[in-house]
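Only this structure's heavy atoms are used, side chains among them; waters, hydrogens and symmetry mates stay out.
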Amino acid sequence: MTTFKSTERIVRAARSKVYRRLSDPANFQKATYGLPEELKHQAGDIRVDGDTITLNAKSVGDISFRMERGVENERVHLASISSPLPFGIDILLADGSEPETTNAHVEISIDLNPIIKSMLAKPMQMVAEKFADLIATLPYEE
């Protein structure tokens, strides 16, 4: 299993608020309404059906994730259910150094053979970084 880890982002909201927002799949779609156009364009269309989130990734088509196990106020886990390669995304949260801030990073775990790994390492790292950017820019007001 190969893991691609984003750099840490500072989210301007308390960890419990960030977790509550990210652990509800419906919030992913609602949250995209206030995103800058550049991030909206990169994220593509987001559809939510129950605990399933579907992104329209321009280069590969629809990729669907199911919200699965997690640890309250620490970890949100998304497992791919429709993608060319099965993988998981973990959003890891920790208290920030200032009040009402959260340190967050994204880890993408995927089983790749060595040849595919060499071809996908850079794009997968970029996906982890862009997803962390998205987490950091979402509105967390209730």
Side-chain angles (χ1 to χ4, degrees), residues 1-113 116-142:
M1 189 68 68
T2 304
T3 301
F4 300 93
K5 181 179 175 181
S6 75
T7 54
E8 195 169 78
R9 302 299 195 281
I10 297 172
V11 179
R12 303 280 175 214
R15 182 166 58 155
S16 60
K17 190 180 283 189
V18 174
Y19 177 82
R20 205 169 35 254
R21 175 75 61 180
L22 295 177
S23 63
D24 180 355
N27 286 328
F28 276 89
Q29 188 166 30
K30 289 179 206 170
T32 61
Y33 301 139
L35 289 177
E37 284 303 315
E38 179 186 339
L39 279 177
K40 274 187 192 178
H41 180 70
Q42 291 173 359
D45 293 328
I46 297 175
R47 297 182 311 278
V48 177
D49 182 23
D51 65 348
T52 302
I53 301 165
T54 302
L55 303 169
N56 183 289
K58 288 151 186 51
S59 58
V60 294
D62 285 353
I63 298 176
S64 296
F65 300 92
R66 178 166 292 121
M67 187 77 62
E68 288 191 348
R69 60 192 153 75
V71 178
E72 188 169 350
N73 296 333
E74 291 180 18
R75 182 173 164 265
V76 175
H77 180 74
L78 301 168
S80 68
I81 55 173
S82 167
S83 82
L85 296 169
F87 65 99
I89 299 174
D90 287 304
I91 305 166
L92 299 150
L93 308 172
D95 287 332
S97 58
E98 298 177 24
E100 298 296 311
T101 63
T102 301
N103 293 337
H105 72 271
V106 173
E107 292 182 359
I108 300 174
S109 300
I110 187 167
D111 195 14
L112 299 172
N113 71 43
I116 299 292
K117 181 180 176 181
S118 67
M119 292 188 306
L120 291 182
K122 190 173 181 178
M124 291 303 294
Q125 184 62 44
M126 193 167 79
V127 168
E129 296 295 344
K130 293 294 182 183
F131 197 69
D133 287 344
L134 178 67
I135 299 301
T137 59
L138 290 175
Y140 291 96
E141 310 80 46
E142 306 237 353

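- To the nearest 0.5 angstrom, Ile10 atom CD1 is 7.0 Å from Glu98 atom CD.
- The NE2 atom of His105 sits 12.0 Å away from atom CD1 of Ile135, with the distance rounded to the nearest 0.5 Å.
- Distance check: Asn103 CG to Ser97 OG gives 6.5 Å after rounding to the nearest 0.5 Å.
- For Asn113, the CG atom is densely surrounded, since the number of other residues' heavy atoms within 6.0 Å is greater than 12.
- Contact between Leu22 and Met67 at its shortest, heavy atoms only, is O-CE, 3.4 Å.
- In plain terms, the two heavy atoms of Met1 and Asp111 that are nearest each other are SD-N, 3.6 Å.
- You'll find the side chain of Leu78 stays beyond 4.5 Å of the side chain of Glu68, heavy atoms only.
- To the nearest 0.5 Å, atoms CZ (Arg21) and OH (Tyr140) are separated by 8.5 Å.
- Listed for the Ser64 side chain is no donor-acceptor partner under 3.5 Å among the backbone atoms of Ile81.
- Of all the heavy atoms in Ala136 and Val11, the pair that sits closest is CA-CG2, 4.0 Å.
- If you take CD on Glu8 and CG on Leu92, they are separated by 10.0 Å, rounding to the nearest 0.5 Å.
- The nearest pair of heavy atoms linking Asn73 to Arg15 is O-CD, 2.9 Å.
- Counting heavy atoms from C-beta on, the side chains of Val127 and Phe4 never come closer than 4.5 Å.
- Once rounded to the nearest 0.5 Å, the distance linking CD of Glu74 with CG of Asp90 reads 12.0 Å.
- Distance alone, capped at 3.5 Å, is enough to place a donor-acceptor pair between the Ser6 side chain and the Val106 backbone.
- Side chain of Glu107 to main chain of Ile91: no donor-acceptor pair is present (N/O by atom type, distance under 3.5 Å, no hydrogens or angles).
- Under the rule for a side-chain contact (heavy atoms from CB on, under 4.5 Å), the partners of Glu72 that lie at least two apart in sequence or sit in another chain are Tyr19.
- For the pair Arg9 and Glu129, the minimum side-chain heavy-atom distance is below 4.5 Å.
- In this structure, the side chain of Thr102 engages the main chain of Ala13 through a donor-acceptor pair within 3.5 Å.
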